[in-house]
Asker: 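I have a structure here, written as structure tokens, and I will follow up with some questions on it.
What you see below is based on every heavy atom in this structure, not just the backbone, and it leaves out hydrogens, waters and symmetry mates. Note that this is a predicted model, so its numbers are computed, not measured.
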Amino acid sequence: MSYMLVVKQVGNSKAFTEEENRVAAERMERMMRFGASLQARGIFLAGDSLRTDAEGIRVERRDGKLSFSDGPFTESKEIIGGFFLVDVKTREEALELATQCPAAEWSTVEVRQCGPCYEP
């Protein structure tokens with residue numbers, strides 16, 4: 001079964017200080033090692049970081065009318081910072097991986113099983 005470990009973090013549009021950049025680089029290195037460990041175990045399907053919401057754009061279609069909204073999205077308190085898509089046998093295995101994810105120390109790691117968005 002495929003599960004996505006979604007890294008949700010507090011949005012931040014301000015420039016980082018030198019110290020914050022150092023901490024961010026250390027965290028990224030830890031996340032890269034975590035991804036490599038998933039790959040070595042043969043359960044890694046995909047994963048990546050996402051750029052800030054300031055660079056995003058939202059697309060909506062309501063009543064046939066398209067609208068586009070450029071970021072940053074002020075109503076967002078959390079943003080999705082990245083994800084790992086893994087292939088494991090059980091939900092419990094996916095939860096165990098989430099507990100091992102370094103981002104759980106400074107963000108929230110949400111575990112979601114992949115599947116149809118609508119099941120009759």
Side-chain angles (χ1 to χ4, degrees):
M1 290 184 273
S2 296
Y3 285 87
M4 184 170 281
L5 310 181
V6 181
V7 178
K8 297 169 83 175
Q9 59 195 52
V10 175
N12 184 2
S13 59
K14 69 175 184 69
F16 280 11
T17 65
E18 189 174 317
E19 176 63 12
E20 289 169 326
N21 280 328
R22 185 191 62 73
V23 169
E26 288 175 2
R27 289 176 173 176
M28 182 56 112
E29 178 57 36
R30 290 180 63 200
M31 293 295 283
M32 297 297 286
R33 286 195 307 267
F34 177 69
S37 76
L38 298 175
Q39 221 167 6
R41 294 164 62 185
I43 58 175
F44 178 85
L45 297 177
D48 216 334
S49 296
L50 300 176
R51 307 259 324 171
T52 71
D53 69 338
E55 298 176 55
I57 186 166
R58 292 181 176 172
V59 178
E60 294 180 347
R61 184 187 315 267
R62 301 291 183 268
D63 299 319
K65 184 179 177 191
L66 277 174
S67 68
F68 301 91
S69 303
D70 289 325
F73 309 113
T74 55
E75 67 275 12
S76 298
K77 292 187 176 152
E78 286 185 320
I79 62 170
I80 298 173
F83 69 94
F84 293 97
L85 183 61
V86 296
D87 182 27
V88 293
K89 291 184 169 95
T90 66
R91 179 177 186 261
E92 289 72 26
E93 286 179 83
L95 289 172
E96 178 60 26
L97 292 175
T99 68
Q100 296 168 14
C101 181
E105 295 174 21
W106 59 83
S107 298
T108 300
V109 179
E110 184 175 316
V111 178
R112 303 276 298 272
Q113 184 176 5
C114 298
C117 59
Y118 174 77
E119 292 184 5

Asker: Quick one, F83 and V7 - any side-chain contact, counting heavy atoms below 4.5 Å?
Answerer: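 Side chain of F83 against side chain of V7, heavy atoms only: no contact under 4.5 Å found.
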Asker: Does a salt bridge link R22 with E26, judged by any charged N lying under 4.0 Å from a carboxylate O?
Answerer: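 Salt bridge present between R22 and E26.
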Asker: To check you understand the geometry: which heavy-atom pair defines the closest contact between A98 and A104, and what is its length?
Answerer: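 Heavy atoms only, the tightest pair is O-CB, 3.9 Å.
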Asker: So how far is it from E19 CD to T17 OG1, rounded to the nearest 0.5 Å?
Answerer: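 Answer rounded to 0.5 Å: 6.5 Å.
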Asker: So does R58 pair up with E60, basic N to acidic O under 4.0 Å?
Answerer: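 Here R58 does not pair with E60 in a salt bridge, since their nearest N and O are not under 4.0 Å apart.
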Asker: Would one find more than 12 heavy atoms of other residues, nucleotides or ligands at under 6.0 Å from atom CD of E18?
Answerer: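 For E18, atom CD is not crowded (no more than 12 foreign heavy atoms under 6.0 Å).
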Asker: What's the shortest heavy-atom distance between V111 and A94, and which atoms?
Answerer: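 That would be CG1-CB, 3.8 Å.
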Asker: Rounded to the nearest 0.5 Å, how far does NZ of K8 lie from CD1 of I80?
Answerer: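 So the gap between those two atoms works out to 6.5 Å.
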Asker: Once rounded to the nearest 0.5 Å, what's the spacing between atom CZ of R41 and atom CG of L97?
Answerer: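 These two atoms lie 5.5 Å from each other.
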Asker: Backbone N or O of I43 within a donor-acceptor pair of the D87 side chain at under 3.5 Å?
Answerer: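 Checked: no pair found.
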Asker: Please report the closest heavy-atom contact between M1 and K89, naming both atoms and the distance.
Answerer: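 Looking at all heavy atoms of both residues, the closest pair is CE-O, 2.6 Å.
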Asker: Under 4.5 Å between side-chain heavy atoms, hopping through other hydrophobics if needed: is there a path connecting V88 to L95?
Answerer: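 Hydrophobic grouping puts V88 with L95.
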Asker: Test M31 against F84 for side chain to side chain contact (heavy atoms under 4.5 Å, CB included), laying out the working first.
Answerer: CA-CA 10 Å; M31 293 295 283; F84 293 97; 3.5 Å; yes
Asker: Please report the shortest heavy-atom distance between I57 and F68, naming the atom on each side.
Answerer: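 Looks like CD1-CB, 3.9 Å.
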Asker: Shortest non-hydrogen contact from G35 to F44?
Answerer: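 The answer is O-CD1, 4.2 Å.
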Asker: Just verifying a value: how many Å separate L45 CG and Q39 CD, rounded to the nearest 0.5 Å?
Answerer: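 Spacing of CG (L45) from CD (Q39) equals 10.5 Å.
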Asker: Please test S49 against M28 for side chain to side chain contact (heavy atoms under 4.5 Å, CB included), starting from the C-alpha separation and ending with a verdict.
Answerer: CA-CA 9 Å; S49 296; M28 182 56 112; 3.3 Å; yes
Asker: Give the cluster check for F34 versus V109: same hydrophobic cluster or not, with ILVMFWY residues linked at side-chain heavy-atom distances below 4.5 Å.
Answerer: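 Yes, F34 connects to V109 through the hydrophobic network.
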Asker: With a 4.5 Å heavy-atom cut-off, do R27 and V23 have their side chains touching?
Answerer: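 Touching, per the 4.5 Å side-chain cut-off.
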Asker: Between atom CG of L85 and atom SG of C114, what is the distance when rounded to the nearest 0.5 Å?
Answerer: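 The CG atom of L85 sits 5.0 Å away from the SG atom of C114.
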Asker: Quick check for you: to the nearest 0.5 Å, what is the distance between I79 atom CD1 and R51 atom CZ?
Answerer: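 Rounded to the nearest 0.5 Å, the CD1-CZ separation comes out at 11.5 Å.
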Asker: I need the minimum non-hydrogen distance between T99 and E96, along with the two atoms involved.
Answerer: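 Looking at all heavy atoms of both residues, the closest pair is OG1-O, 2.6 Å.
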Asker: With a cut-off of 6.0 Å (strictly less than), are more than 12 heavy atoms of other residues, nucleotides or ligands near CZ of R91?
Answerer: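 No.
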Asker: Does a sphere of radius 6.0 Å around CE in M32 hold more than 12 heavy atoms from other residues, nucleotides or ligands, not counting ones at 6.0 Å or beyond?
Answerer: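 Incorrect, the count does not exceed 12.
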